[in-house]
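Notes follow the structure.
Side chains are part of it too, since the values below use all heavy atoms of this structure and drop only hydrogens, waters and symmetry mates. Chain naming here is simple, since letters A, B, ... match the order of the sequence lines and numbering starts at 1 in each.
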Protein chains: 2
Amino acid sequence: MNEFTSLATVKRIADSTVRRLSLYLRFLEDFEQRGLETISSDELARRGGTTSAQVRKDLSFFGSFGKRGLGYSVPELSRRIREIMGLGREWRVIIVGAGKIGAALAQYQGFVQRGFHIVAVYDTAPEKIGRSWNSQTIRDIRQLERDAAQEKPDIAVLTVPSEAAQSMLDRIVKAGIKAVLNFAPVQLQAPADVTVKSVNMAMELESLSFSLTNHG
Amino acid sequence: MNEFTSLATVKRIADSTVRRLSLYLRFLEDFEQRGLETISSDELARRGGTTSAQVRKDLSFFGSFGKRGLGYSVPELSRRIREIMGLGREWRVIIVGAGKIGAALAQYQGFVQRGFHIVAVYDTAPEKIGRSWNSQTIRDIRQLERDAAQEKPDIAVLTVPSEAAQSMLDRIVKAGIKAVLNFAPVQLQAPADVTVKSVNMAMELESLSFSLTNHG
DNA sequence: GCTAACTTGTGAACGAATTCACAAGCCTCG
DNA sequence: CGAGGCTTGTGAATTCGTTCACAAGTTAGC
Ligand SMILES: NC(=O)c1ccc[n+]([C@@H]2O[C@H](COP(=O)([O-])OP(=O)(O)OC[C@H]3O[C@@H](n4cnc5c(N)ncnc54)[C@H](O)[C@@H]3O)[C@@H](O)[C@H]2O)c1
Ligand SMILES: NC(=O)c1ccc[n+]([C@@H]2O[C@H](COP(=O)([O-])OP(=O)(O)OC[C@H]3O[C@@H](n4cnc5c(N)ncnc54)[C@H](O)[C@@H]3O)[C@@H](O)[C@H]2O)c1
């Protein structure tokens, strides 16, 4: 593999690798701000709670970005990871379900900072539609398809009650959106070309319950 | 391994196994409500998007709960998984950081339903302390140690700004709490006997960005 | 009570992800 | 300019998790 390797031709990358890249990027941004020039795989590993071999292997799937004997150039590696992850652009995000969790997400500044822009928020409840949040007016869910055809959102965040989650996902998929972040604690079905990630907080708490019960 | 196998003696269980158990339990509860008596590993697998061998292997780490030729008794398996996961009791949960995400979590009914009771909410901001949320009054963070000694919470949910996360985790650990669910997008350090799980939504969005960029 | 149909439980095989270990390359210093 | 120290990049070895495949047990029907 050399510097001309196209990402599109790269073999299947493990999800765990992608998540670690995201982590490394955070550290690099921190180092960049503090004016550091170079960083070693060992230092990145220490920060991320992994090993230097792991860091180098993760990066090696995409090319070779370091200098032997020296390490990685912080701004260069930062740029390369952003490129790999597709973070060099702004992503258009919609929120479906203007409830408590939708509200927290819509007002969260951390997403915008990383290039994820909330371009619309939808709900079914008449008393919510038309109300303003931040700079967004909550829209009627019936507009979803029409708006999507025009505004071409990239990502949908699904924060509706569990019962409505699958049917709303189906509409999101039909509207042509290929990436969904789901907060409803249900298992969803989607076509293979649509990526669905779920955040299941109840499952996290249950994992903690397991830890406390079994090795505590 | 037989029915007398103690959980404490069981070898290291993969995190992925624990998460699937949590998933199976959801399906079992659904089946239970609909009055089904028995269920096969194959049906559980279909629901969970996995294979029947996977389901049986997951369960086999803890004992053998099924009947050959028939499947699993729904109420019995449900009970056994709850036991394995430590869900037969009520867990006492505190929320540290009464901001937007803390508010959504504190008011969420889904946690109580699964045995996770919010027993206290803390903040530093004078204008928040004393205000009421649901049935909780927001307490001064300075009370944390004193309250913990008395009320013995089991789990802390950490929803403070990133900068404050590590120092608050240290206090939580010192206060004797052994399980933490963190929402701040930072890598935290904790002693080995404390389990920390993190929900990192920005990382999930970045994974979606990667998917869209690389196989889209 | 025997057969056919079914489903579990589990070693063994496989595949994926991590870790090891070292040759190759780069930098500094004398 | 050559030696010594350092760090990358990567095949090979290892560890970990999943899937296969089948013997063993259960039920129903006749
Ligand atoms: N609040 C939390 O802390 C939390 C934690 C974990 C998971 N969740 C999950 O997140 C989801 C939302 O939770 P919440 O607490 O924000 O609930 P909520 O009741 O506050 O909000 C849900 C919103 O979705 C709207 N809605 C209902 N059907 C809709 C549809 N078909 N299209 C568009 N909007 C629709 C409702 O009008 C409401 O405004 C639920 O699935 C919940 O289980 C929430
Ligand atoms: N809001 C979201 O949707 C969202 C999404 C992902 C991650 N997060 C993360 O969750 C955390 C909280 O986010 P938020 O949006 O709720 O922020 P927020 O500013 O609304 O709330 C933070 C709260 O913590 C309190 N606080 C500050 N220092 C504290 C301390 N030492 N002890 C106790 N309380 C303290 C503040 O007074 C404030 O009430 C942040 O780390 C954020 O990055 C939030």
Between CZ of Arg20(A) and P of dA16(C) the distance, given in whole Å, is 16 Å

For residues 87-99 of chain A, the side chain to side chain donor-acceptor pair (under 3.5 Å) pairs (sequence neighbours left out) are Arg89(A)-Asp154(A), Glu90(A)-His117(A), Trp91(A)-Ser209(B)

Please output the side-chain donor-acceptor pairs of residues 155-163 of chain B that fall under 3.5 Å, not counting sequence neighbours, one pair per line with the distance.
from, atom 1, to, atom 2, distance (Å)
Thr159(B), OG1, Val96(B), O, 3.1
Thr159(B), OG1, Gly97(B), O, 2.7

Contacts of Phe183(B) meeting ring-ring contact (aromatic ring centres under 6.0 Å, His included) (sequence neighbours excluded), chain-then-number -> none

Residues of residues 190-199 of chain B with a heavy atom under 4.0 Å from any atom of DNA chain C, listed by number, are none

When rounded to whole Å, the CZ to C1' distance for the pair Phe61(B) and dT19(D) reads 12 Å

**OP:** Go through the steps for Ile84(B) and Val18(B) under the test side chain to side chain contact (heavy atoms under 4.5 Å, CB included), then give the verdict.
**Re:** CA-CA 9 Å; Ile84(B) 291 164; Val18(B) 176; over 6 Å; no

Whole-Å distance, Phe62(B) CZ to dG9(C) P, equals 14 Å

In 5'-to-3' order, the base (B), backbone-only (S) or no-contact (-) status of each nucleotide in nucleotides 24-30 of chain C, using a 4.0 angstrom heavy-atom cut-off, is BBS----

For residues 35-46 of chain A, the salt bridge (Lys or Arg N to Asp or Glu O under 4.0 Å) pairs (sequence neighbours left out) are Asp42(A)-Arg46(A), Glu43(A)-Arg46(A)

Applied to residues 95-112 of chain B, the side chain to side chain donor-acceptor pair (under 3.5 Å) test, sequence neighbours excluded, yields none

**OP:** For the residue pair Glu204(A) and Asn200(A), confirm or rule out a side-chain donor-acceptor distance under 3.5 Å.
**Re:** no

The reported gap from CG in Leu188(B) to CE in Met168(B) (rounded to nearest 0.5 angstrom) is 12.0 Å

N/O (side chain, Arg12(B)) to phosphate O (OP1/OP2, dG17(D)) under 4.0 Å: no

Bend of the helix from dG1(C)-dC30(D) to dG30(C)-dC1(D) from end-axis comparison, five pairs per end, nearest 10°, comes to 10°

For residues 23-31 of chain A, run the donor-acceptor check on the side chains, cut-off 3.5 Å, and write out each pair with its distance to 0.1 Å, sequence neighbours left out.
from, atom 1, to, atom 2, distance (Å)
Tyr24(A), OH, Asp58(A), OD2, 2.7
Glu29(A), OE1, Arg114(A), NH2, 2.6
Glu29(A), OE2, Arg82(A), NH1, 2.8
Asp30(A), OD2, Arg34(A), NH1, 3.1
Asp30(A), OD2, Arg47(A), NH1, 3.2
Asp30(A), OD2, Arg47(A), NH2, 3.4

For Asn182(A), the side chain to side chain donor-acceptor pair (under 3.5 Å) test, sequence neighbours excluded, returns Ser198(A)

Under 4.0 Å: is that the gap between some side-chain N or O of Tyr72(B) and OP1 or OP2 of dT26(D)?
-> no

From CG of Leu59(B) across to P of dG9(C) the rounded distance in Å is 7 Å

Phe65(A) atom CZ is separated from dT10(D) atom C1', nearest whole Å, by 15 Å

No-hydrogen, no-angle side-chain donor-acceptor test under 3.5 Å, Arg56(B) and Ser52(B): yes

Of Ala14(A) and Gly66(B), the one whose closest nucleotide on DNA chain C sits nearer the 5' end is Gly66(B)

Before accepting this row, confirm whether a basic side-chain N of the pair Arg171(B)/Glu145(B) lies closer than 4.0 Å to the acidic partner's carboxylate O. yes

The complete set of salt bridge (Lys or Arg N to Asp or Glu O under 4.0 Å) pairs with one or both residues in residues 189-199 of chain A, sequence neighbours excluded, reads Asp15(A)-Lys197(A), Lys178(A)-Asp193(A)

Ordered by number, residues from residues 31-57 of chain B within less than 4.0 Å of DNA chain D (heavy atoms) are Thr51(B), Ala53(B), Gln54(B), Arg56(B), Lys57(B)

